[in-house]
Structure formats: structure tokens, C-alpha cells
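Following: one structure in C-alpha cells, then a few remarks.
Proteins get letters first, then strands, A, B, ... in listed order; numbering begins at 1 in each. Atoms considered below: every heavy atom in the structure, side chains included; atoms not considered: hydrogens, waters and symmetry mates.
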Amino acid sequence: MGSLIRQAISPQTKGWGRGVALIFDCMVACVIMIIGLAAYSSLATQAPPEPDQCLGDYATHVLSFLDSNGCLARLIEGHDSSAVRRAIGELLPEGASYCLCVYSPSWELNWSFSSQGFDWRNAAASSPYLVSCESNPEPYLVTLAISE
Amino acid sequence: MDRSVTTIILIASLLASGSLFASTSAAFWERASMVMEESAVRCMAFQMAAGAAEAASEAAQSGTAVKTYVIFSEEALVEASGTSITVVSTFKGSLINASVSLMGRIDIQPSKISSSSFIVTAYPNGTAIISVSGQRAEGI
Amino acid sequence: MDQAFEATIAFAIFLAAFSVSQYTAVAVYESSMDRIDKPRLEAAACIVASEILMQNGNSSERWSSWEPVCEPGCYLSPAPGVEIAIRATCYSIDPSGGITRIWIKQGPAMHPLGAGAQKYVSGIVLGDGTFVRLEVYASDGLSGEL
């Protein structure tokens, strides 16, 4: 195949010897090998990192802390997303992004928000956390997902 | 010098250097695969110890028994006693083992199990048991 | 074309191909070792964090008097080539949802983020209602300053 390519791209090589033909074949083989390696390495580096399982457990601890004095219920009830953003942003490790989702008991999404840079592909989520509000007899289900 | 002699010397030197390169490469990769296998077994011992420590920590926090699953890509023999965990794996017929000891307050019940998936059950008093689902750990 | 010139080109191509193959082989070996080593460092960080959490529990007094010891031999053995860095941060929350940082303890460096360091993060709600975030970084000591 290399010889065919050589003839197709440079007709003046017809007069060259077998050694040159072999050299061109080797060059084509090297180019194909290098292109393959480059494609493989670019794919390998672009693959998203696996989610860190400990972040899911940490997210559950964060929710239980925010709920410890009823703050989470008040913030959810008042739809005060800026206060929730500030609180969660303060508690997360450096460089982490998050997505908070609030569901009804039948798992219908009530509202959610995510910080800049959040990526579901490498995110670890907390266990569903039950939050009871005074105004609503039915509890909310809250999940917090963290990605790095 | 005669052209045929030059050709013979060239071919001989090519063959010699090729075989030397092949044997050196083979020795290097054999050693490399051995080192990688030793690292993999050491990693398994660390993962098992981490599973025990994590389960014990969660059990101490929650006050209830906590189960954690530790799954390896291949079958290995796990021996545990006190604070020490040893993982033994076979590689090309030879046994490779690695041990990790935990310096904290954790007491792993003696067990000796061969499997690829393990359950670590930890209790709030700091004890932990390594077992396989559907199989009792055999005491040492 | 001159045979000597052909031979030179052939030798140059051989050298290039040989260098590429050797470079690829070494890169594959190093990436395999890294892939094997990463879970070991993650596990080491997990062991250290778990032992600190077991040691201090949810007692705010114990956490207040605790100082991070960054010697891996205090938590696991053997620990050849494992370097660790610890950072613990304590937060309180007021009724309006405002978060206040009470204290931070870390060692050995102010910026414990080495290039190849693996991190384990855990949290615990203490008995007095405060929250401690514990971050443990484990590195093989070759990938930059911890």
C-alpha cells in the first residue's frame, strides 16, 4: 500500500530503486504508527477521571451538617439559593463543584442548581437525604453531587 | 576486503545485535511484569486495610455495624489477624505476598479466605471481620 | 540514487522507529505503574483519615487539642515512599445558614497539593454542632512537594 501511495503522491519516484521504495514504505508505516499513538494518547488524556467515592460520603455529611439546626429546611423552603450556594461553597474542598437537587417524595424534581464547572461524568452523589419543612407536611428528598 | 566477507560480517553483526536486543528486552519486560505484579499485590493489601479502617471509622461514628465491600480484579488469599492484613497472589507459579498493619485502634478477627470479593464488617467497639458472602471465615 | 545515501536514510528511519518504540515502551510501563500506584496512595490516604476520625470521634475537645502528625508510620506499616499531608477545617453554622470557619490545622506545608497526590476527604458533625472537614493527601514523594 505504501508503494501505491508513493506512486500516487510523487510520480517522479518511478525511476528510483527498490531501496528507496522500501524506505518510503517504512516512512508510511512510521507515520501510521505515530498517528495511531497520537490518537490513542489524546483519547487517554481526555477520558474523564473516575468519580471519587469518598466525595459522595462527604456530600452526605455536608447535608447532615446543614440540616443539623434546621438551616437546610429553611433555605430550601425559602428558595434562598444564594444562601445555600454560599454555605455549600464554603464547606466543599478547594476546586470542587457541586449540584444540589431537591425532589418531591415522588422523585419529581422541584428545583436544582449547580456551580460552575460541575460535571456529572466525574461526580459522586450523596445518599438521598430527607428534609422536613414546617410548611409542607411531606418531606423533600435532597441530593448533593460533588465533582472535582 | 572482499565484498562477500563484508556482507557476512554485516549480517552477523546485525543478527548478534538483534538477538542481544531481544534478550535484553525480554529480561527487562520479565522484571517489569514482576515489579508490576508485586505493586498490584501491595496495592490489594492497602485497599483491604483501607476498607477495614474506613468501615471501623464509620462504625465508631454511627454506633452501628458497618459493612464495606472490597473487590479485587483477581482471586487472592487474604490473611488477617489483629492489626495486620496479608494478601497472597500467585504470579507465574510463584507466590507474592504483601502485608499492611494498621496502627490505630482496630482489631481484625483472625481469618484466612481466598476470593476476589470480600465483605468487611466493622463494629463500634473497633473490631472487624473479613468474610466472603455466603461463606464463613475459617479461623486460623 | 546513490546507495550510500539510501543506506543513510534507511539507518535514520531505523533510528527514529527504534527511538519511538523505546519511548512508547517506557511510557506504557510508567503509565501502568502509575495506574497501579494510584489506588495504593488513595488507600493510604483513606487509612490515615479513618484512623484520625476514629481517634478523635465527634468530641470537639479532642479535635481542639489534636495536632496533625504527618508521619505515615504512625498510621500504617510498612509505608515506604508514602508521604502524607493533612488539613482539618472546623466550621460552625448560624441559624440563618451563615458558615463561619473556627479553626484550621494542617501540616506539613501550607499548600499540600502535589501534582500526583491522591486525596481523601471526609467530614464529621461534632457533638457541639460544629463540622470538621478532614482532607488527607498521599503522595509517593516523587511527584512534587507535598
Contact class of C:T89 relative to chain A, heavy atoms under 4.5 angstrom: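 No part of C:T89 comes within 4.5 Å of chain A.
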
Region of C:S92 in contact with chain A, defined by heavy-atom distances below 4.5 Å: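 C:S92 touches chain A through backbone heavy atoms alone.
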
Choice from C:V125, C:V121, C:I124 maximising heavy atom contacts with chain A below 4.5 Å: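 The answer is C:V121.
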
For C:E67 against C:K105, the heavy-atom pair lying closest together: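 For C:E67 and C:K105, the tightest heavy-atom pair comes out as OE2-NZ, 4.2 Å.
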
C:Y91 six-ring face occupied by C:R133 cation (under 6.0 Å, within 45°):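 Because its charged atom misses either the 6.0 Å distance or the 45° angle limit, C:R133 does not stack over C:Y91.
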
C:E42/C:K119 ion pair, N-O < 4.0 Å: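 Salt bridge between C:E42 and C:K119, a charged N being under 4.0 Å from a carboxylate O: no.
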
Residue among A:T143, A:D67, A:T60 satisfying side-chain hydrogen bond (donor to acceptor under 3.5 Å, both in side chains) with A:Y129: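 It is A:D67, the one option of A:T143, A:D67, A:T60 that forms the side-chain hydrogen bond (donor to acceptor under 3.5 Å, both in side chains) with A:Y129.
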
Residue A:L92 versus chain C: region with a heavy atom under 4.5 Å: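 The backbone, not the side chain.
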
Among A:C71, A:A83, A:S64, residue most engaged with chain C (heavy-atom pairs, under 4.5 Å):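 It is A:C71.
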
Distance-only side-chain donor-acceptor flag, C:Y137 / C:E135, under 3.5 Å: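 Short answer, yes.
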
